Amino acid sequence: MDDLLLSKIRIGIIAELLASDWITFSALQQRLQTTNGNLGAHLGKLIESGYVEELKAFVDRRPQSRYRLTQRGRDAFIAHVREMQAMLQGSI
Amino acid sequence: MESQDAREQLAMVETILATSSRTLCAGGEFFLVWGVLVAAMDGLNQLVADNVMPISSLWATPVLILIGVAFSVWRSMQLRAKSGRMSVLQRDYLAMMYVTMGLTFVAQFAGSNFFAGWGQAAIWNVAGAIVLLFIGLHGNRRAALAGVLLIVAMAIANYTPGMPGYVLGAGMLVGYAGFGATELLATE
C-alpha cells in the first residue's frame, strides 16, 4: 500500500483534486476542515512526491496557490483504492 | 492498515466525490451580452438589406464583436480570480465552448463562400445551440429549451425571406440572451 496515502488528510486532498481541474488552498481548507499548518504540511509531502502540482499566481496583488493532481498522483490514488478494496474483499 | 481504517478511508473518498460540485456554471452574463450583441448585428444586417440603413453602417459589426471579446476576456479573468475551484466538468465545458465558437468564427472566414449572406448569421445560431444543448444535457432544462429555440428561429428564418435577420436576431435575443438573464436571476 502507498504509505503516503495512509493519512486521512492526504487521501482527502487527492479525492478533492480528483474532481477538480484545480483548487485553491483556501477552498481546499474549507472542504477538508483543517488548519493552515496541517494542510500545508500534507500538501508539501504530496508535492514533494510528485502527486500534486502547485501553481502560484498573484490575484488582486495577493499571492494565491492553486493545486492540481498529477498523472502520478492519479495512478497512485487508483492503485491505493484498489488495494484497499482488495483487502476488504479478502477480509470478508 | 486495518480493515476498519480502509473502510473509513473508502467511505470518506466516496463522500468527497459525491459532494464535490458537478453543476455547470454557465456564466449568465456571457450569454446575455453575446445574445444582445449578435441580435443587434442580425438586426443591423436586416436594416441594411432593407435599405433602411446605409451599407456603411456595417462598420458597427466588428466594433460589436470587439466589445463582446473585450467583455468576455475581462469577465473571465475576474471570475477565475474569484473562484476557488474549477471542476473537471467546468473545464470541459469551457473547452467545448471555446472550440465551438472559435471554429464558427474560423468557418465564417475560411468558408465565406459556403456561408454567404444570411448563412453567416445562421451559423451563429447553430453554434449557440450546440453550447446551450451541451449545458442542457448536464441537467439545465432552461438551456435545453433555449438551444431548441435557437434552432427553431433558424428554421423559421429559412422560410421568411423578407426578414431572416429579425427572426435570427429574435432567436438570439430570446434564446441566448434570455437564457443568460434567467441564469443570472437564478444565481442571485
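These figures come from a predicted structure and were not determined experimentally. Here is how names work: the chains are called A, B, and so on, in the same order as the sequence lines, proteins then strands, and each is numbered from 1.
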Quick one: closest heavy-atom pair of [X] and [Y], and the distance?
X	Y	result
B:Ala6	A:Met87	CB-CE, 3.7 Å
A:Leu88	B:Ser3	CD2-O, 3.4 Å
A:Ala19	B:Leu17	CB-CD2, 4.5 Å
B:Leu10	A:Met84	CD2-CE, 3.8 Å

With only heavy atoms counted, which part of [X] is less than 4.5 Å from chain B, the side chain, the backbone, both or neither?
X	answer
A:Leu28	neither
A:Ser7	backbone
A:Phe25	neither
A:Gln64	side chain

Specify which of A:Ser26, A:Ala15, A:Ala57 makes the most heavy-atom pairs with chain B at under 4.5 Å.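 Answer, by heavy-atom pair count under 4.5 Å with chain B: A:Ala15.
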Shorter than 4.5 Å, heavy atoms on both sides: which option in A:Glu83, A:Arg66, A:His80 has the most such pairs with chain B?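 Most heavy-atom pairs under 4.5 Å with chain B: A:Arg66.
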Crowding at CE, B:Met96 (>12 non-hydrogen neighbours, <6.0 Å):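 More than 12 heavy atoms, drawn from other residues, nucleotides or ligands, come within 6.0 Å of this atom.
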When you look at CD of B:Gln78, are more than 12 heavy atoms from neighbouring residues, nucleotides or ligands closer to it than 6.0 Å? yes
Using the rule that Ile, Leu, Val, Met, Phe, Trp and Tyr join whenever any side-chain heavy atoms are under 4.5 Å apart, tell me whether [X] and [Y] fall into a single cluster.
X	Y	answer
B:Phe71	B:Phe31	yes
B:Leu137	B:Val126	no
B:Leu66	B:Trp74	no
B:Met163	B:Met154	no
B:Val88	B:Tyr93	no

Rounded to the nearest 0.5 Å, what separates atom [atom1] in [X] from atom [atom2] in [Y]?
X	Y	atom1	atom2	answer
A:Ser20	B:Gln90	OG	CD	11.5 Å
B:Asp92	A:Asp21	CG	CG	8.5 Å
B:Glu8	A:Lys8	CD	NZ	4.5 Å

Is the backbone N or O of A:Leu6 less than 3.5 Å from a side-chain atom of B:Gln9, with the two atoms forming a donor-acceptor pair by type?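 A pair under 3.5 Å: yes.
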Checking B:Met12 against chain A: side chain, backbone, both or neither under 4.5 Å from a heavy atom?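 Side chain of B:Met12 only, per the 4.5 Å heavy-atom cut-off to chain A.
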Do A:Leu32 and B:Ile16 come within less than 4.5 Å of each other through their side chains, counting heavy atoms only?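 Answer yes - side chains close enough.
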